[in-house]
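Step one of this worksheet: look at the structure below.
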Amino acid sequence: MSWYNWLIVIIPFGFVLYMAYHVRRYARGVSDFLAGGRLCGRYLISVGDMANSLSIVAIVAYVEANYRTGFSTTFWGAVILPVSLVLSLSGYCTYRLRETKALSMGQFLEMRYNRSFRLFCAFLRTGVELLSNAIIPAISARFFIYLLGIPHYVNIFGYRVQSLALVIAIVLLLAMFILLMGGTLSLVITDTFQGLMTYPIIFTFTMFIVLKFSWWDELIPVMSDRVPGESFLNPYDIKSLRDFNLFAVVVTWFDTVLNRAVWFGGGSSSAARSAHEQKMGGVLGAWRNGFSPLFYLLLTAMLLTVMNHVNYSGEARKIRMDMCTQISHEVVDDDSIRNELLNNVSAIPEQRHVIGQDTPLSEKNNLDTPYMKTALETLQQVPDGNAKFQEFRTLYNQLRLPVTIRNILPGFMMGLFILLMLMLMVSTDDSYIFSSAMTIVQDIIVPLRKTPLTPEKQIMLIRLLTVLTCVFFFFAALFMTQLDYVRLYTIIVTAIWVGGAGVVMLGGLYTRFGTTAGAYASILTGALISGGGLLVQRNWADHIYPFLERAGWVETVAGILETCSGPFEPWVVWRMSAVKFPINSSEIMFMSMIFSIIMYCVVSLLTCRKPFNLERMLHRGKYAVDGEVKTFEKLTFRNIFKKLIGITPDYTRGDRIIAWGTFIWSFGVTFLFFFVGTVIWNAIHPWPAHWWGWRIFIISIALGGGVACISMIWFLIGGIRDMRQMFRDLKSRRNINILDNGMVDGQDSLADKAALDKVEAESTENGK
């Protein structure tokens, strides 16, 4: 890249860092540092959340999975659309969490259950967050190393420094700078700026891919070239897909409903001006992503085409050789084995796979198979060969995208892509780092204190924990080894927490019978099942399978696994393998969620002695001491439909237009017309494969691109307007409640304790 292309990266990102520095003057209280002063508008929240949801890790995980299975399974994801739509429009979980005014999940858990449970969950959740998020800086750093072709070691002032360590350090320092300036206030502002810049950049890349690659002559033929049962386009022909198949979609449906609130942690989750604004920020989520889904789809389709179409066979061989060379220098320590591996790989000829003439590709036999077989056969010469191959294969799947991008993008586009990845990387890392630091302070240190910290000391403590979290992330990212697909690794690690936390949050927000004993039972059940599954997965290739082999138990265990999965085949297939544990992460997570729900309900019903006072926790009715006016209509036959999509008397005309527009588009057009209509049509007359290509083009590219253009302009205007309003509010406010710091007295927030007790006393007196 030329120096002027680097200016495309430096100038916009430098402005983001300046805004983080500028906003520090407004962070005067704990609620500012933890919840943005609760002054954020709906568009500020929505655009900032979009920037958080977009990340290098998300792109790598999406491309990694869809490169293997295509887009056929995503069709069935629409089954959950009506439910997820109602959840968004009704403010499911998010509205009630904002009503509690909790600054963290731990504060809510203490108000709803007790302090010991808050501490227990804080330790468990923080550990899971650190374990699952620690790989993110490493994945992001490797992405840049392979994207820019940086050697694995560089010389700095005569010292040989590992490039991975250097890039990870730079990434974490950038994130730490933003956080130390103003906490959530800095996060919200910088994420919104990055989100606003992301819209036109993604639009540019979408146009580049659409114009450079032929949808009908290249992309669709590649995705159609699959054996029966493994279609990349036809959702009725996917019975042979593994890991990212229909059962994984079912687990996603279940997870969408159960675990909506499990990662609540203050920040933008509690930063809205009111519960209604928080709810509307969620409603706008149906529109905010703009070109992002289309960008993900085209990025994967482009990668599939370059790596598999005969028109790009020369580039594909060069990309595969580049990957094998860079990965072998990172993974293989033995020089002789590494040289042998590279010699064997270089002997693989250019593969000119002609679609329609050669045998269609499959999961087991594709253009990457010769490289994988060569790597396995070569690496098995060393004692830990299976584990080394796992690591090699993991990096090969992850780094296909950056190496391909490096080989096909011109300089100007490369500059834009680096800027986009840099913004996505920082906006993700800073959120995860701050979440961990805030959880430690708010849910472990603060509850253990008998007297409140001063705002200055509490903010200083959060800053200190932010630095320590960055240090932990640095060493964990440097030394942790991830041996599976990113999505599967994230699922199994986070399942240690979400496996039991989902029902705990729902039971706490929506039931009066949920008890602390039931919550403990649920959390422990989910943690034990998922944690045990993680340990078995991690040690399968190098310890557990060799032990079974030495003991002569391989066939016995294989028979048990096949018998258990038999009733659920072909969607759940457990077959013995020396490299990978037969039960995948989605299946383990599903089991943990089911057993946790059973334990929560049974134990809570057995131990419930007195119904919980939800109105007091939610500041409703006589307990509305915060001055926020909340109006709720009685449910009747006439208003049941309006209530179902979340419309309440406090909706303005504009709010109603947004809610009804979201419902009509998402349910009427996307679900009924595009999904149900397609299902009915195929029940009468099954489509040929190329019709599914037409469907993706019409819905995702033509129509999706048009909607994305409208939403891009809409959210650019709304985001700028909300940001200006927030700065005006920050300048004009006068009083800050120093008791609004996350502490709980009894089962009330310390900030509201006196007012709530006064209301209770007056109510008792009037009742007498």
Side-chain angles (χ1 to χ4, degrees), residues 87 90-102 104-121 257-262 264 275 279 447 500-526 593 595-626 628 630-636 640 643 646 648 743-768:
L87 300 185
S90 64
Y92 170 70
C93 291
T94 58
Y95 188 88
R96 291 197 174 203
L97 280 169
R98 178 59 181 82
E99 282 186 298
T100 67
K101 299 204 298 181
S104 67
M105 174 179 280
Q107 186 180 357
F108 162 74
L109 292 175
E110 184 175 349
M111 291 191 292
R112 181 58 179 85
Y113 299 106
N114 65 23
R115 181 165 297 181
S116 64
F117 185 67
R118 173 183 187 171
L119 291 169
F120 175 79
C121 288
V257 178
L258 183 66
N259 293 324
R260 189 172 178 84
V262 294
F264 170 75
K279 176 181 175 180
V503 67
V504 168
M505 294 299 293
L506 292 188
L509 287 168
Y510 289 95
T511 75
R512 300 177 190 275
F513 72 85
T515 65
T516 303
Y520 268 115
S522 174
I523 289 289
L524 290 172
T525 299
M593 290 190 293
F595 284 108
S596 295
I597 293 172
I598 295 171
M599 292 299 293
Y600 182 87
C601 294
V602 171
V603 175
S604 291
L605 289 171
L606 290 174
T607 57
C608 183
R609 299 292 179 264
K610 180 183 177 182
F612 184 80
N613 189 347
L614 276 177
E615 283 72 21
R616 179 169 177 140
M617 183 183 72
L618 299 175
H619 302 89
R620 290 184 175 182
K622 65 183 181 181
Y623 302 107
V625 296
D626 51 7
E628 184 179 338
K630 304 170 190 175
T631 53
F632 300 94
E633 287 182 310
K634 184 178 179 181
L635 183 63
T636 64
I640 187 171
K643 293 279 286 184
T648 58
M743 293 193 74
V744 176
D745 185 352
Q747 288 189 308
D748 300 316
S749 170
L750 188 62
D752 296 325
K753 175 66 175 175
L756 290 173
D757 283 345
K758 181 180 179 181
V759 169
E760 196 72 66
E762 291 175 352
S763 177
T764 302
E765 183 178 342
N766 293 334
K768 290 180 179 179

What is the distance from atom [atom1] of [X] to atom [atom2] of [Y], rounded to the nearest 0.5 Å?
X    : Y    : atom1 : atom2 : result
L87  : T94  : CG    : OG1   : 9.5 Å
L109 : M505 : CG    : CE    : 6.0 Å
E615 : R620 : CD    : CZ    : 7.5 Å
K101 : M617 : NZ    : CE    : 13.5 Å
F513 : L606 : CZ    : CG    : 11.0 Å
T100 : M111 : OG1   : CE    : 4.5 Å

Indicate the atoms forming the closest heavy-atom contact of [X] with [Y], along with that distance.
X    : Y    : answer
P447 : L119 : CB-CD2, 4.1 Å
G500 : S522 : O-OG, 2.7 Å
A261 : M105 : O-CE, 3.2 Å
V603 : T515 : O-OG1, 4.3 Å
G507 : R112 : O-NH2, 3.6 Å
L509 : R96  : O-NH1, 2.7 Å

N/O donor-acceptor pair under 3.5 Å between [X] side chain and [Y] backbone:
X    : Y    : answer
R260 : C93  : no
R118 : G106 : yes
Y600 : G502 : no
N259 : V262 : no

Evaluate the ring planes of Y520 and F120, with Trp represented by its six-membered ring, and classify them as parallel (under 30°), tilted (30 to 60°) or perpendicular (over 60°).
tilted

Do Y95 and L618 make a side-chain contact, defined as non-hydrogen atoms from C-beta onward lying under 4.5 Å apart?
no

Evaluate L258 against I597 for side chain to side chain contact (heavy atoms under 4.5 Å, CB included), listing each step before the verdict.
CA-CA 10 Å; L258 183 66; I597 293 172; 4.0 Å; yes

